[in-house]
Peer 1: 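Just passing along the structure, written as structure tokens.
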Amino acid sequence: MELVEEAPYRFRIERRDTMRVPGVVFASRALIPDVGEDRSLEQVANVATLPGIVGASYAMPDVHWGYGFPIGGVAATDVDAGGVVSPGGVGFDISCGVRLLAADLHRDDLPRVREALMDGLDAAIPRGMGRGSVWHLTDRAELDAVLRAGSRYAVERGHGVPRDLDRCEDYGAVGDADPAQVSDRAVQRGQGQVGSLGSGNHFLEVQAVDEVHDERVAAAFGLRAGQVCVMIHCGSRGLGHQICTDYVRTMERTMPRDGIQVPDRQLACAPVDSAEGRAYLAAMAAAANYARANRQLLTEAARRIFARVTGGGLDLVYDVSHNLAKIETHRVDGVERRLCVHRKGATRALPPGHADLPADLCPAGQPALIPGSMGTASYVLTGVAGAPAFASTCHGAGRTRSRKQATKTVRGQDLRRELESRGIAVRGASWRGLAEETPEAYKDVTEVVEVAEGAGLCRRVARLVPLGVVKG
DNA sequence: ATGTTC
């Protein structure tokens, strides 16, 4: 795989064979995946063959290997020129994302309540494979309401306050969700999981603002140095997973009919403007709403514990997905075009002044929330004007070693002891799950966000450090 | 990521 450095932190994969556009990798030399261990750059090139793709097949600095598309990939297709949508370009965990809450508590006041807080959260936050949820929905009609209206429905039912919705991407619910496009099996899997973290890299952390990079923007986001925060990272659980599985199968069948050939069957896709494309987007939107309701219910669970232990509240800073396809209008070669922007392990980062931002965030830009690996920093970023890659940036640290490799480097018990010795309280779900998430298996998130900023994708606003982790 | 292989 030949990479040409065409600008600082920007490498090009030249067009060849059936690639319709070049690949563009935003990275430092150190962050470029090792070709011997990770085939994600080959995946960047594969994505460039998709019908209707415009600009380039992009990779963020945290890129690593994924299903079909790389994780940390951005690809936009032209809806009105036969552009396709691909479930693998969104990922199995549809609308997996991050929510940040700001507590009215200073980190100096945390130690005296920390153990009570962590024990409360340990009991209140359902997590791990299967294993319970805050909200148990008994009938399909109620789940359909979640699928149609996401956080809006949760707030309507008393799980949150209207202001929360102003701080959610899409004001808490994606339009055009259609529960009828969601299979019965997906519904069955999702019924008992609204308000649960799941497993893998999902977590709820108690954090503190450790450094503010941009005072003005941080203030607009409601953040100041020393402030205690809560970060929630989770997705659409079994429901989103089943929807992805269902539509990959459907599109594997319809691709020959549509005359679409792809270099990897995991790139199964259909024209956005086709029955299958529309059905997938409607089901994907339903899963996106499910994921938002999931984060809203976990927010309420955390709020109950904070109220009981500290007497204080948690204000929503923002909630943003990093696994989603969206129909957006962007200017391409001087012309406004309707694009299907796939962001898989990539975060939308709207620039200041964007019309989709609520009025009070508009001068600052959209918060992009970047969780680090366990025990390391997380970041709040904001969008910048004129950025490449359709207003997208990185989504996290990015894996460098598989889960299995990770478990060979450390035992969960030892990792917990190490984190506790560094002042980070740990409430895990399983020892194995903890070991799989050792920071040794990830890139350095600080390097990732520095490169993302250097590449002109975003600006850093604040760095958060973990004080307690409730691990999925 | 995931009832970690319908």
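Chain naming here is simple, since letters A, B, ... match the order of the sequence lines and numbering starts at 1 in each.
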Peer 1: For residues A:H233 and A:H322, establish whether the separation of their ring centroids is below 6.0 Å.
Peer 2: yes

Peer 1: Give one of base, sugar-phosphate or nothing for A:E437, where a contact means two heavy atoms less than 4.0 Å apart.
Peer 2: sugar-phosphate

Peer 1: On DNA chain B, which is the earliest and which the latest nucleotide, 5' to 3', with an atom closer than 4.0 Å to a heavy atom of chain A?
Peer 2: B:dA1 to B:dC6

Peer 1: With ring pair (Phe, Tyr, Trp, His ring centres under 6.0 Å) as the rule and sequence neighbours excluded, what pairs involving residues 249-300 of chain A come up?
Peer 2: A:Y247-A:Y280

Peer 1: Closest heavy-atom contact between A:A124 and A:A301?
Peer 2: O-CB, 3.9 Å

Peer 1: Give one of base, sugar-phosphate or nothing for A:Q188, where a contact means two heavy atoms less than 4.0 Å apart.
Peer 2: nothing

Peer 1: Could you check A:T438, A:V426, A:L415, A:I424 and say which one makes a side-chain contact (heavy atoms from CB on, under 4.5 Å) with A:M374?
Peer 2: A:L415

Peer 1: State which residues pass side chain to side chain donor-acceptor pair (under 3.5 Å) with A:D170; sequence neighbours excluded, sorted by chain then number.
Peer 2: A:R292, A:K326

Peer 1: What's A:G238 touching, base or sugar-phosphate or nothing? Going by heavy atoms closer than 4.0 Å.
Peer 2: sugar-phosphate

Peer 1: Check every strand shown and say whether A:G91 touches a base, only sugar-phosphate, or nothing at a heavy-atom separation below 4.0 Å.
Peer 2: nothing

Peer 1: Return whichever of A:F92 or A:M129 has its heavy-atom-nearest nucleotide of DNA chain B closer to the 5' end.
Peer 2: A:F92

Peer 1: Which comes earlier along DNA chain B counting from the 5' end, the contact point of A:R403 or that of A:T245, where each point is its nearest nucleotide?
Peer 2: A:R403

Peer 1: Do you know the tightest heavy-atom contact between A:A288 and A:I94?
Peer 2: N-CG2, 4.1 Å

Peer 1: What contact category does A:R131 fall into here, base, sugar-phosphate, or nothing, at under 4.0 angstrom with non-hydrogen atoms?
Peer 2: nothing

